[in-house]
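We count residues from 1, following the sequence as given. Keep in mind the model is a prediction, meaning the values are calculated, not measured. Atom set for the values below is all heavy atoms of this structure, side chains included, hydrogens, waters and symmetry mates excluded.
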Amino acid sequence: MNITQLRNATVLVEIGPHRLLVDPMLAAAGALPSLKWFTTQRRRNPLVDLPPGSDSVLDRATHALITHCQRGHFDHLDSAGRRWLRQRGLPVLCMPDDLVHLQGRGLNAVALQQAGSSTVDGLRITPVPCLHGEGWVGRFMAHGYGYFIEFPGEPTLYIAGDTVLTDTVKDCVLRRHPDVCIVPAGGAAFDLGGEIIMDGGQAMTLAALGRGAFVANHLEALDHCPTTRAQLRSAAIVRGLGERFFVPEDGEVLSFAGVQAPSASVAPPHARRATPGVDLALVDPTA
């Protein structure tokens with residue numbers, strides 16, 4: 001299973017014959033508004049362009065997978081992403097609450113079951129509810145869903161979506177034992193109110209509960225996400241998670257092989273990593 005980190009929450013997951021483009025925000029740097037208001041250091045988003053080689057990565061996509069997209073959440077599906085999906089006619093997998101919204105924008109949207117699991121060409125997808133902020137700020141958010149994804153012979157994957165650390169999220173990791181988890185770690189917050197996604201501390205608390213590999217994203221691409229990659233990498237080493245807590249650069253590819261056995265002592269899946277165009281040399285993160 002290959003995971004290519006493109007930018008923010010936008011990743012391409014290659015699992016079996018499927019190439020899932022998750023939450024495509026494809027705008028050029030600075031094309032979208034700031035997410036901060038009461039500061040003299042407002043910056044337009046995204047803060048960075050897509051990495052070199054992104055077009056060839058995007059062209060491999062067979063489906064899109066949307067965690068949430070309404071109430072102004074352009075960082076998970078922007079106008080450039082919608083235009084790209086319309087032009088290609090790819091199936092856009094989503095939750096029922098987003099179906100009409102996406103179809104109304106000309107997308108080939110396909111609703112997954114909100115309760116239980118859906119199977120798409122052999123790919124089993126189970127939704128896991130998100131909590132995109134607590135208290136008063138949460139009332140204004142589209143909370144969305146993460147997804148637990150299974151395909152025969154491949155590592156299992158949990159894409160957490162935009163969420164703070166909740167009992168539901170912990171339960172998914174503790175009960176389903178995903179081999180790989182993609183988690184937000186940017187600590188996004190507006191000028192007022194609390195964080196609306198996990199920060200580095202919460203992401204590592206979740207990783208400590210699990211026994212697989214964790215991949216952090218939602219980093220260094222939006223002006224309301226203060227966590228840096230350097231901070232996360234240092235903290236992961238301090239907390240003894242450096243061997244299985246990955247913080248990829250934009251454009252970096254992580255490859256995971258091997259499925260966990262039901263044992264608390266099992267090592268995380270082997271991973272290899274590289275940027276596009278570079279041969280991948282297998283690296284055992286437990287070495």
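- With 3.5 Å as the limit, one finds no donor-acceptor pair spanning the side chains of Asp97 and His68.
- Using modelled atom types and a 3.5 Å distance limit, the side chains of Asp179 and Thr156 yield a donor-acceptor pair.
- Taking the six-membered ring where the residue is Trp, Phe245 and Phe214 present parallel rings, their angle staying beneath 30° rather than reaching 60°.
- Taking each heavy atom of Asp121 and Phe151 in turn, the nearest pair found is O-CE1, 3.9 Å.
- Taking a cutoff of 4.0 Å between a charged side-chain nitrogen and a carboxylate oxygen, Asp23 and Arg7 do not qualify as a salt bridge.
- Nearest approach of Ser117 to Arg124, heavy atoms of both residues: OG-NH2, 3.4 Å.
- Listed for the Arg19 side chain is a donor-acceptor partner under 3.5 Å among the backbone atoms of Gly16.
- Annotation for Cys69 and Leu102: closest pair SG-CD2, 3.8 Å, computed over non-hydrogen atoms.
- In this structure, the side chains of Phe148 and Leu157 stay at 4.5 Å or more apart for every pair of heavy atoms.
- Separating the CG atom in Leu32 from the CG atom in Leu222 is a distance of 9.0 Å, to the nearest 0.5 Å.
- Of all the heavy atoms in Ile66 and Pro24, the pair that sits closest is CD1-CD, 3.8 Å.
- Looking only at distances, no side-chain donor or acceptor of Asn8 sits under 3.5 Å from a matching main-chain atom of His218.
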